[in-house]
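Here the structure is laid out as structure tokens; the discussion comes afterwards.
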Amino acid sequence: MDKVYRILVIFAASVLLGFAFNMFLLPHEILSGGVTGLAMIFGLITPLNAGVWLIVLNIPIFVLGWMKLGKVFIFNSIFSVAVTSISMLYIPVMKVTEDVLLSSVFGGVLVGAGAGIIIRFYGSGGGFDVIGLLLTMKRDIPLGFLVFSLNSLVIFVSGFIFSWELAMYTMASIYITGLVMDRIHTRHHKLSLMVVTSKGEAIKKELLENLYRGITVTDGEGAYSGTKVKILYSVISRYELAFVRPLIKAIDPNAFVSISQTMEVMGNFRKDNSFKKPQGPKGSVYNSTAKSTEQA
């Protein structure tokens, strides 16, 4: 069911991308950044068509993504690119407004929302999205900022070839895209989780069996009641919060849970997108290849 839901969400978000391109960006000839922009530049300075360059440039990126991010990610990315391309064939290219700036703003918002949703559900639109995701696995840098930086380089070069006015509108559009993308793709946001509970062992066991996260456990005592409790501390990503919150509530609805923003994490902290441990056929967890790191 999760796979079907993921595919449906990626499908809807990809159609949204096609709508944004055809209704807001393409009618005003707002330039394309990323690998598409590079393909356009190479298509102008070489005998090969830009479409050929688009395929050629994406091949090594998808191969790298296959090696580092897995075949599920690449399948979702290819599916997203295909749906976006097909939707652009059927959605008419028409101007919603004559105002170029307004179109670049709304187009940027819609593209950022679509791209952010696709990436959140473990896919991408190809090109610099894949490179950005690979870089965020090494450093906790906002993905939208990385994609904006990479696209800006292409837009700067294309400004010499096309129009500087269009290049500036495109810069505004991709900047807004990056901001919206970071609002949706929040994997780089870290949260400090503290749980005060009388059912510490049960919650600790459940968290360790389902997440790639270490937990520090200390003994505590209620100052007013004198009740002996366990205090569990861990650092999680914002993605994991939606999974952790109902898990704790199911075991101890009366647990005191404190969640705060963490500026930086040093030491061993798993940074990939697979935060949930795979479940076995009978509910058991396969831990043979998983490494759960303890946090001080």
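Separating the OG atom in S234 from the CE atom in M194 is a distance of 13.0 Å, to the nearest 0.5 Å. Summarising the geometry, atom CG belonging to L211 is positioned 9.5 Å from atom CD belonging to E206; distances are rounded to the nearest 0.5 Å. A distance of 9.0 Å separates CG in L16 from OG1 in T84, rounded to the nearest 0.5 Å. A distance of 8.5 Å separates OG1 of T218 from NZ of K230, quoted to the nearest 0.5 Å.
With hydrogens and angles ignored, the 3.5 Å screen pairs no side-chain donor or acceptor of S173 with any backbone N or O of Y169. Side chain of R120 to backbone of I184: a donor-acceptor contact under 3.5 angstrom is found. The main-chain N or O of N76 is never found under 3.5 Å from a side-chain atom of S80 such that the two would form a donor-acceptor pair. Between the H28 side chain and the T97 main chain, a donor and an acceptor come within less than 3.5 Å of each other.
Contact check for V235 versus Y233: side-chain heavy atoms found under the 4.5 Å cut-off. Using a 4.5 Å heavy-atom threshold, the side chains of L232 and T197 count as touching. Between K205 and I251 there is no side-chain heavy-atom pair separated by less than 4.5 Å.
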*Stepwise, does the side chain to side chain donor-acceptor pair (under 3.5 Å) test hold for S77 with S124?*
CA-CA 5 Å; S77 300; S124 77; 2.9 Å; yes
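Residue P27 comes nearest to M94 through the heavy atom pair CG-O, 3.4 Å, listed as atom of the first residue, atom of the second, then distance. Closest approach of I118 and I10 over heavy atoms only: CG1-O, 4.3 Å.
Between K228 and D219 there is no salt bridge, since no side-chain nitrogen of the basic residue lies less than 4.0 Å from a carboxylate oxygen of the acidic one.
Ring pair F24/F106 is parallel by interplanar angle, where below 30° counts as parallel and above 60° as perpendicular.
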